[in-house]
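A note on names: the letters A, B, ... follow the listed sequences, proteins ahead of strands, and every chain is numbered from 1. Hydrogens, waters and symmetry mates are skipped; everything else that's a heavy atom, side chains included, is used.
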Amino acid sequence: MEKARPLWANSLQFVFACISYAVGLGNVWRFPYLCQMYGGGSFLVPYIIMLIVEGMPLLYLELAVGQRMRQGSIGAWRTISPYLSGVGVASVVVSFFLSMYYNVINAWAFWYLFHSFQDPLPWSVCPLNGNHTGYDEECEKASSTQYFWYRKTLNISPSLQENGGVQWEPALCLLLAWLVVYLCILRGTESTGKVVYFTASLPYCVLIIYLIRGLTLHGATNGLMYMFTPKIEQLANPKAWINAATQIFFSLGLGFGSLIAFASYNEPSNNCQKHAIIVSLINSFTSIFASIVTFSIYGFKATFNYENCLKKVSLLLTNTFDLEDGFLTASNLEQVKGYLASAYPSKYSEMFPQIKNCSLESELDTAVQGTGLAFIVYTEAIKNMEVSQLWSVLYFFMLLMLGIGSMLGNTAAILTPLTDSKIISSHLPKEAISGLVCLVNCAIGMVFTMEAGNYWFDIFNDYAATLSLLLIVLVETIAVCYVYGLRRFESDLKAMTGRAVSWYWKVMWAGVSPLLIVSLFVFYLSDYILTGTLKYQAWDASQDDKL
Amino acid sequence: MVAFSMRKVPNREATEISHVLLCNVTQRVSFWFVVTDPSKNHTLPAVEVQSAIRMNKNRINNAFFLNDQTLEFLKIPSTLAPPMDPSVPIWIIIFGVIFCIIIVAIALLILSGIWQRRRKNKEPSEVDDAEDKCENMITIENGIPSDPLDMKGGHINDAFMTEDERLTPL
C-alpha cells in the first residue's frame with residue numbers, strides 16, 4: 001500500500017503558506033519604487049486591473065493544477081501530457097536558481113540584525129581615519145549607511161572581474177540562513193505548516209507597528225502627499241501598465257512550481273478558488289500597506305536631510321558674515337540671502353559655490369528600489385529615530401520573516417518533485433534529500449559572499465527568472481486549456497471540489513491571460529535586444545558613488 | 001585659560017595673563033589672540049600655541065561648559081573620540097547563540113525522526129508475531145480444533161467496500 005501523501009493539518013496552514021510565500025521582499029522594496037516612478041496614486045489603477053485580469057486567474061490555475069494532480073511540478077505536468085514534463089523540470093531549475101541567490105538576502109538581514117544590538121548603531125557613525133582627526137575618507141564622501149553597506153557588509157570590489165576572496169562574515173551568516181531554512185523544511189509539511197503561522201503573521205505585526213511610528217514621524221506627511229498625489233498622465237505611459245503586469249506576475253510567484261507543490265498537499269475537496277482570491281488580494285493589499293510605511297519613512301528622511309542642509313547653510317552664512325546667532329531661520333533664509341548678495345556682493349560671490357541649494361523635492365525624488373532601499377534608505381531613517389536599536393531589530397526581523405517565508409516556498413518547489421519521484425525517495429529519507437539540497441545551495445551561494453558577490457547577485461536578480469518564468473506560465477496556460485482540454489479540466493475541478501467553474505475564469509485562462517503574457521514576453525525580448533550590451537552598476541571607492 | 005595652557009608647556013611656566021593679547025573681538029564672541037614672550041618681546045609661534053591648546057582642550061571646554069561643536073579654535077583640528085571597540089565584536093556573540101540553538105533544534109528533529117521510524121519498523125513485526133501466536137493457539141472444543149473467528153481480526157472484503165467518492169453526495 002502506498003504511503004499516504006502528507007497533508008496540511010488544516011486549510012489555514014495552506015493559506016498561510018501561500019501568503020508567506022507570495023508576500024516577500026518584492027512587496028516591500030519593489031512596489032513602492034514602481035508606485036513612485038509611475039504616477040503615485042494613479043499606479044494603483046493599472047495594478048488592480050492587472051490583479052483581476054492576470055493575477056487571480058493564473059494563481060487559481062496553478063493551485064487547481066496542484067490540487068488535482070496531487071504531485072509536484074514535474075509529476076503534475078507529466079500527468080497532463082508526457083510531452084510537457086519539461087515544463088516541470090524548467091520550474092524546478094528556475095526555483096533552484098532563485099534559491100541559490102535569494103538566501104543571500106536573508107544572510108544580509110541576519111548580519112544587520114546581529115549588528116543592531118549595539119549603541120550607537122554601527123551604520124550611524126563613520127569610523128575615524130588614521131590620525132583620529134576626522135572620519136574615514138570613503139565614509140565622508142558617501143554616507144555612513146552607504147559605507148556600512150558597501151564596505152563593512154559587502155566589502156565590494158570595484159568591478160565584476162576582481163573577484164576577491166570569500167568574506168567569512170557574510171559566509172557565516174549565509175550558513176546560518178541555510179540552517180534556519182533546513183530546520184523549517186526538515187519534516188516536510190509537518191514542520192513547514194507550523195512555521196508559516198509565524199512567517200505569515202509576524203511581518204504584519206511589525207508593519208503595523210512601523211505604520212503607527214512612521215505616521216507620527218516628523219515630515220512623514222510630506223512623503224505621503226508627494227508620493228500618493230496621482231499623476232494621471234502616467235496612465236497613458238505603456239511602461240506603467242507593463243510594470244504593473246510584471247509586478248503582479250512576479251509578486252505572486254507564479255511559474256516556480258511552489259504553488260503547485262503547496263496545493264498538492266491539499267485535501268482534494270479544498271476550495272482553492274476562494275483561497276486563490278484571498279491570497280492575491282492579501283498580497284496586493286500588503287504591497288500597498290508597505291508602500292504607505294515606506295513613503296512615510298521617505299518623508300521623514302527627506303525632511304530630516306532638508307532641515308540639516310538648511311542648518312548647514314545658515315551656519316555657513318552666519319560664520320562668513322558674522323551675523324547674530326539664531327538670526328537665520330528656515331523662513332527668512334531666502335530673504336537674507338538676497339539682502340547679503342546685494343549688500344556684500346564680492347564676499348557673497350566668493351562663498352557662493354559652497355552654498356548648497358536645499359530642496360525638499362530633490363530629497364524626496366530619490367527613488368530607490370531593491371537592496372539599496374532595504375539596507376541603505378531604511379537604515380538611514382532608523383538611525384535618526386529614538387530608540388533606534390529597537391526599530392532596527394524589528395525591521396530586520398520582519399525582513400527575515402518575509403525572506404524565509406519565500407525561501408520555504410522555493411525549497412518546497414524543489415523538494416516536492418524530488419520526494420515524489422520513486423527512485424530518489426526509496427534510497428534516501430526525506431531529511432537527507434532536504435539536507436543535500438540545502439548543502440548544495442549553500443556551497444554555490446558562497447559565490448555571492450565574495451567581494452564581487454553583489455554584482456553576481458544583481459545579475460541573478462535581474463536575469464535569472466524573468467523571461468523563463470513568462471515562458472513557463474505561458475506554456476502552462478496553453479497546456480491546461482488546449483492540450484489537456486479546458487472542458488476536461490473544468491469537469492475535473494467540478495468533481496473534485498463540487499463547485500462549478502465560472503465563465504470568467506474560463507475566458508481568462510483560454511484567452512486574456514495568454515495574450516497578456518505573450519505581449520509581456522515580446523516586450524522584454526525586444527527590450528533586451530535593443531539595449532545591446534548589458535551593463536551593471538559598480539561602486540567606485542574613490543568617488544563613492546555608483547558608476 | 002590660554003595663559004594656563006601655556007603654563008603647562010615646559011619652558012613657558014612663567015606665562016602670565018598679561019602676556020596674552022586679544023584683538024579683533026566681535027559680538028559673536030570670537031576673537032584673535034597671540035601669546036607674547038615677555039623676555040624676548042615677540043609673539044610665540046603658532047605651532048607651539050596650537051599644541052598647548054590641543055593638550056588642554058578638554059579642560060577649556062569643561063570650564064565654559066562647551067564642547068568641540070560649540071567652542072572652535074580655527075586651525076586646531078579637534079581629535080574625535082574613537083568609538084568603543086569591544087574585544088569580541090558583539091555580533092559574533094549573538095550569532096553564536098542563535099547558531100547553537102538552531103543546531104540543537106535540527107539535531108533534535110532529526111533524532112526524533114529516526115526514533116519514530118525505528119518504532120514504526122518494530123511495530124509491524126510485533127503485530128506479525130502476535131498473529132502467529134494466535135494461529136498456534138487453536139482452541140479445542142469437543143476434541144475438534146476450531147479457529148475462533150474474532151482472534152484473527154476481521155478481513156475486509158474489497159468487493160463490498162463502498163467508495164464514497166464515486167457516489168454523488170446527497
Side-chain angles (χ1 to χ4, degrees), chain A residues 3 110-122 124-129 131-136 152 168-169 172-173 175-188 190-191 268-269 315 318-319 321-327 393 429-432 434-435 438 495-496 498, chain B residues 24-31 50 54 68-70 72 74-86 88-118 120-121 124 156 158 164-170:
Chain A
K3 217 169 48 170
F110 267 122
W111 168 266
Y112 269 84
L113 180 67
F114 295 149
H115 276 90
S116 311
F117 290 97
Q118 293 172 6
D119 179 34
L121 288 173
S124 56
V125 283
C126 276
L128 301 177
N129 61 12
N131 54 6
H132 284 206
T133 51
Y135 295 113
D136 184 284
K152 285 290 166 67
W168 66 271
E169 297 107 338
L172 275 182
C173 294
L175 182 64
L176 180 65
W178 273 111
L179 282 175
V180 170
V181 170
Y182 181 53
L183 177 66
C184 299
I185 60 174
L186 186 49
R187 289 285 197 81
E190 197 188 308
S191 50
S269 55
L315 186 65
T318 315
N319 274 344
F321 294 101
D322 281 335
L323 301 168
E324 195 186 306
D325 231 357
F327 177 65
V393 168
K430 195 169 46 180
E431 287 93 345
S434 327
C438 290
M496 194 170 65
Chain B
N24 226 6
V25 183
T26 64
Q27 287 281 20
R28 263 189 77 232
V29 196
S30 75
F31 49 84
Q50 277 172 10
R54 199 185 281 140
D68 279 343
Q69 261 82 39
T70 38
E72 192 189 348
L74 294 174
K75 292 204 190 129
I76 301 183
S78 50
T79 57
L80 303 159
M84 251 206 22
D85 217 3
V88 178
I90 299 181
W91 75 273
I92 289 195
I93 302 174
I94 305 173
F95 171 82
V97 168
I98 299 197
F99 192 77
C100 292
I101 296 177
I102 303 276
I103 296 269
V104 166
I106 290 179
L108 277 176
L109 275 182
I110 293 183
L111 286 176
S112 73
I114 296 179
W115 286 332
Q116 266 181 10
R117 218 170 286 130
R118 279 213 199 123
K120 267 192 215 157
N121 284 340
I156 300 176
D158 287 325
D164 300 296
E165 292 170 16
R166 293 267 177 85
L167 299 173
T168 48
L170 285 167

Of the backbone (N, CA, C, O) and the side chain (C-beta and beyond), which part of [X] lies under 4.5 Å from a heavy atom of chain B, both, or neither?
| X | answer |
| --- | --- |
| A:P429 | side chain |
| A:L183 | both |
| A:L175 | side chain |

Under the rule for salt bridge (charged side-chain N to carboxylate O under 4.0 Å, His left out), what residues qualify as partners of A:E169, not counting sequence neighbours?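 Residues passing salt bridge (charged side-chain N to carboxylate O under 4.0 Å, His left out) with A:E169: none at all.
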
Could you pull out all donor-acceptor pairs under 3.5 Å where a side-chain atom in residues 102-110 of chain B meets a protein atom, sequence neighbours excluded?
none

As an exercise, state the distance from CD1 of B:I98 to CZ of A:F114, rounded to the nearest 0.5 Å.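 Interatomic distance, B:I98 CD1 to A:F114 CZ, rounded to 0.5 Å: 4.0 Å.
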
Closest approach of A:S116 and A:V393, non-hydrogen atoms and distance?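 So the minimum-distance heavy-atom pair works out to CB-CG2, 3.7 Å.
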
Structural part of B:I92 lying under 4.5 Å from a heavy atom of chain A: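 B:I92 touches chain A through side-chain heavy atoms alone.
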
